[in-house]
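Note: hydrogens, waters and symmetry copies are ignored here, and every other heavy atom, side chains too, is used. Residues: numbered from 1 along the sequence shown. When a ligand or atom number is given, it counts from 1 through the structure's own listing order.
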Amino acid sequence: MSDGNSSRPTPAYSRVMLKISGEALMGTQGYGLHPPTVERIAREVKTVHDMGVEICMVIGGGNIFRGLQGSAQGMERTTADYMGMLATVMNALAMQSALEAQGIHTRVISAIRMDEVAEPYIRRRAVRHLEKKRVCIFAAGTGNPYFTTDTAATLRANEMACEAIFKGTKVDGVYDKDPVKNADAVRYDRVSYDDVLAKHLGVMDASAIALARDNSLPIIVFSLDEPGGFRGILAGEGTYTIVHG
Ligand code: UDP
């Protein structure tokens, strides 16, 4: 694909949501933040930003704290979930720092007010940031316990009128069984929202899939470990699975 005026490919989408789990930021260390890994992902984001694509991001918090784990160990669930949401803010700030080191203006927008470190979520203001080509990282999930950051990413993608959600994972798409454990696992090129739900394919949690389905928002599952993979898909290349209606 080419815009005819330059060698820069015309991106397949003009505004996207990139959802990554908190664990994507921890590298091989098994917990917390690994700054070189954050920097590597920031470089991948920059290659897409350089195409002129408007980028929203949601980063999970599972590398630091998950509400369900806390409540399984006796914590009150709501409090544990708020701790999980706060963990996502730390990840968002780390990513903001890495993106700004690459020269990309970035705003962290929090669903829980903490004005000293992040902007409050105001939809019209966030849209304006995107129009000015600032990356918007939506932190603190939906601001509500009992949800996940997959649902937060789908919610914000709808509110921001993103054309697709890019779900960065360790593998290059959705398989019929775990490709790490099963050599004969088969990757889907395309799969419907209903099949993802019925077959428990584990792309995102069920409420996120249902929210994407009800708003016809495609979900593109791809490998974040593949250098150039994010940009490649926007340029019309690469291997991935698209979840569609
Ligand atoms: N969380 C929440 N409400 C939200 C989003 C997240 O309560 O809207 C909490 C929840 O406890 C969750 C934690 O934040 O376990 C971290 O988010 P998530 O598990 O989605 O992170 P990921 O698995 O993507 O790293």
**Q.** Contact with ligand 1 for Pro145, non-hydrogen, under 4.0 angstrom
**A.**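 Yes, that is the case, since the closest heavy atom of the residue is under 4.0 Å from the ligand.
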
Q: State if Lys19 counts as touching ligand 1 under the rule of any non-hydrogen atom under 4.0 Å.
A: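 Under 4.0 Å: yes for Lys19.
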
Q) Does the pair Asp176 and Arg187 meet the rule for a salt bridge (Lys or Arg N to Asp or Glu O under 4.0 Å), with working shown? A) CA-CA 7 Å; Asp176 59 347; Arg187 187 179 56 78; over 6 Å; no

Does [X], backbone or side chain, put an N or O under 3.5 Å from an N or O of ligand 1?
{"X": "Ala152", "answer": "no"}
{"X": "Asp81", "answer": "yes"}
{"X": "Gly67", "answer": "yes"}
{"X": "Thr142", "answer": "yes"}
{"X": "Gly61", "answer": "yes"}
{"X": "Glu23", "answer": "no"}
{"X": "Thr149", "answer": "yes"}

**Q.** Pair His49-Gln102, side-chain hydrogen bond (donor to acceptor under 3.5 Å, both in side chains): steps then yes or no
**A.** CA-CA 11 Å; His49 186 263; Gln102 310 271 337; over 6 Å; no

**Q.** ligand 1 versus Asn144: contacting region, heavy-atom distance under 4.0 Å
**A.**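 Near ligand 1, Asn144 shows its backbone, while the atoms from C-beta on stay back.
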
Q. Is it the case that Arg77 places NZ or CZ above or below the six-membered ring of Tyr82, under 6.0 angstrom from the centre and within 45 degrees of the axis?
A.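 Checked: cation-pi criterion not met.
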
Q: Identify, with sequence neighbours excluded, every residue that meets ring pair (Phe, Tyr, Trp, His ring centres under 6.0 Å) alongside Phe222.
A: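 With neighbours one apart ignored, the set is Phe166, Phe230.
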
